[in-house]
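Take a look at the structure below.
Given the structure is predicted, the values throughout are model-derived calculations rather than measurements. Lettering follows sequence order; numbering is per chain, from 1.
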There are 2 protein chains.
Amino acid sequence: MLEKDLRERIKEVAVDHFNNNGYHGTTIRNIANDVNCSLPMIYYYYNNKKELFDEIIKKEYFDLLKRQAALLKTDNIIDFYTKFVYDLNSLSNYDKKVYRLGIKVYLSFDGDEELMEIMDEWEKTILPRHYQLLKPYLKNADNDMAIVRTLVHLLESLIESIVVKNRFLPEEEIREEISIVLRGCE
Amino acid sequence: MLEKDLRERIKEVAVDHFNNNGYHGTTIRNIANDVNCSLPMIYYYYNNKKELFDEIIKKEYFDLLKRQAALLKTDNIIDFYTKFVYDLNSLSNYDKKVYRLGIKVYLSFDGDEELMEIMDEWEKTILPRHYQLLKPYLKNADNDMAIVRTLVHLLESLIESIVVKNRFLPEEEIREEISIVLRGCE
DNA sequence: CTTTTCGCCTAACGTTCGTTAGAATTATAT
DNA sequence: ATATAATTCTAACGAACGTTAGGCGAAAAG
């Protein structure tokens with residue numbers, strides 16, 4: 001037994017390859033090479049290529065999302081969202097790659113119909129969840145929902161910068177932008 | 001000679017395939033099948049697969065971007081940005097697919113190093129360009145640049161909804177969100 | 001001590017890929 | 001009419017792909 005469980009190491013390397021080369025550009029041989037194991041070992045732990053890909057999205061990605069969504073919320077809504085985004089900067093490389101891969105599937109740039117449906121289900125929960133979070137701070141104006149939508153759009157773009165484009169975003173910049181959208185709230 | 005130039009038809013079908021299946025998931029055989037021509041005809045007009053992909057990004061995508069960027073600007077900045085985004089809804093299917101493919105490369109979900117460098121060069125021009133547009137409407141506050149950044153982030157997310165996720169966004173929703181970011185300007 | 005199970009391997013299967021050789025057909029020019 | 005050039009084809013190349021058959025050695029179970 002090497003440093004880590006072989007099954008885990010395969011998945012880690014697979015995340016890397018799927019990320020860099022997409023589903024079709026990734027070969028089992030290349031994964032096996034980087035893991036330093038023989039080719040059929042991949043099939044010993046995963047039935048086939050698709051199952052390996054699916055496990056990364058269904059388990060790793062959604063676990064990560066749920067961990068993120070369960071973050072504690074402070075009493076200041078701007079602080080909360082700022083921290084929520086800023087903390088993505090210090091995600092582990094593995095988590096960042098899983099996140100990136102998930103977004104790729106979310107935008108239907110990779111994966112298949114089945115995964116897309118799961119993503120659609122998740123997406124439906126996004127707006128209501130943030131509406132609940134923001135509710136106490138909204139002034140029951142006629143554009144409350146527009147503010148929630150705008151914030152979610154901003155968050156998506158910020159997350160993409162950090163996770164997909166692999167940029168570092170300073171806390172102050174994040175706070176400024178979120179404050180612009182939420183100015184007037186609290 | 002059929003309805004259209006064969007070279008053009010190959011490119012059209014290729015855009016579709018690269019879009020649906022990515023670079024590695026696309027095969028020259030499948031393209032030839034859908035074009036209803038023999039396989040080597042692709043090689044008659046394009047030296048290889050990569051050249052076909054590159055032409056779509058380098059010519060079609062950037063032509064589209066430049067067309068977009070050259071849009072006339074009205075005297076009302078919110079009207080202008082609203083129209084800018086809303087008009088994406090009625091892009092032709094071909095243009096939408098080209099746009100989508102370009103964003104895929106922009107996010108380095110497809111394509112290679114060389115295309116990424118071209119994308120990076122383009123990206124550098126985005127913030128300054130919108131700063132110039134917004135300048136007359138900004139009140140020289142200390143968060144002027146933050147407003148520009150926020151707007152660009154919002155635009156990116158709105159564009160992605162329409163072009164990548166293929167949603168229809170109503171003009172009123174777009175206007176509301178842009179107004180939230182630009183409230184105070186003009 | 002024997003037998004079964006587990007983790008891992010070498011070698012190969014059949015298929016599909018990008019690409020090309022070489023020839024047939026059609027259009028253009030002389 | 002004849003020569004040249006532009007399109008298009010059938011057929012195949014070698015390489016790489018996902019996947020599997022079958023066996024080896026060590027550990028665990030009886």
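Distance B:N33 CG to C:dC17 C1': 14 Å, rounded to the nearest Å. Between A:D5 atom CG and C:dC8 atom C1' the separation is 14 Å, expressed in whole Å. Taking atom CG of residue A:L6 and atom C1' of nucleotide C:dC9, one finds them 13 Å apart after rounding to whole Å. Rounding to whole angstrom units, OH of residue B:Y45 and P of D:dC9 are separated by 10 Å. B:I31 places its CD1 atom 8 Å from the P atom of C:dG18, with the value rounded to the nearest Å. Taking atom CE on B:M41 and atom P on D:dC9, their separation rounds to 6 Å, with Å as the unit. Whole-Å rounding puts the A:I42 CD1 to C:dT10 P distance at 13 Å. Remark: C1' of C:dC17 and NE2 of B:H17 are 15 Å apart, rounded to the nearest angstrom.
Take B:K83 and apply the salt bridge (charged side-chain N to carboxylate O under 4.0 Å, His left out) test, not counting sequence neighbours, and it matches B:D87. Residues meeting the side-chain hydrogen bond (donor to acceptor under 3.5 Å, both in side chains) test with A:E172, sequence neighbours left out: none. For the salt bridge (charged side-chain N to carboxylate O under 4.0 Å, His left out) test, residues two or more places apart in sequence or in another chain that qualify with A:R167 are B:E123. Take A:D144 and apply the salt bridge (charged side-chain N to carboxylate O under 4.0 Å, His left out) test, not counting sequence neighbours, and it matches no residue.
Proximity of B:Y44 to the phosphate of C:dT20: no side-chain N or O atom is located under 4.0 Å from OP1 or OP2.
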Readout for nucleotides 16-23 of chain D: B = base within 4.0 Å of protein heavy atom, S = sugar-phosphate only, - = neither; 5' to 3' it is -BBBBB--
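Salt-bridge check for B:D79 with B:R175: passed, with a basic side-chain N closer than 4.0 Å to an acidic carboxylate O.
If you check every strand for non-hydrogen atoms under 4.0 Å, A:Y46 touches nothing.
Residue pairs meeting the ring pair (Phe, Tyr, Trp, His ring centres under 6.0 Å) criterion with at least one member in residues 11-42 of chain B, sequence neighbours excluded, are B:F18-B:Y23, B:F18-B:F53, B:Y23-B:F53.
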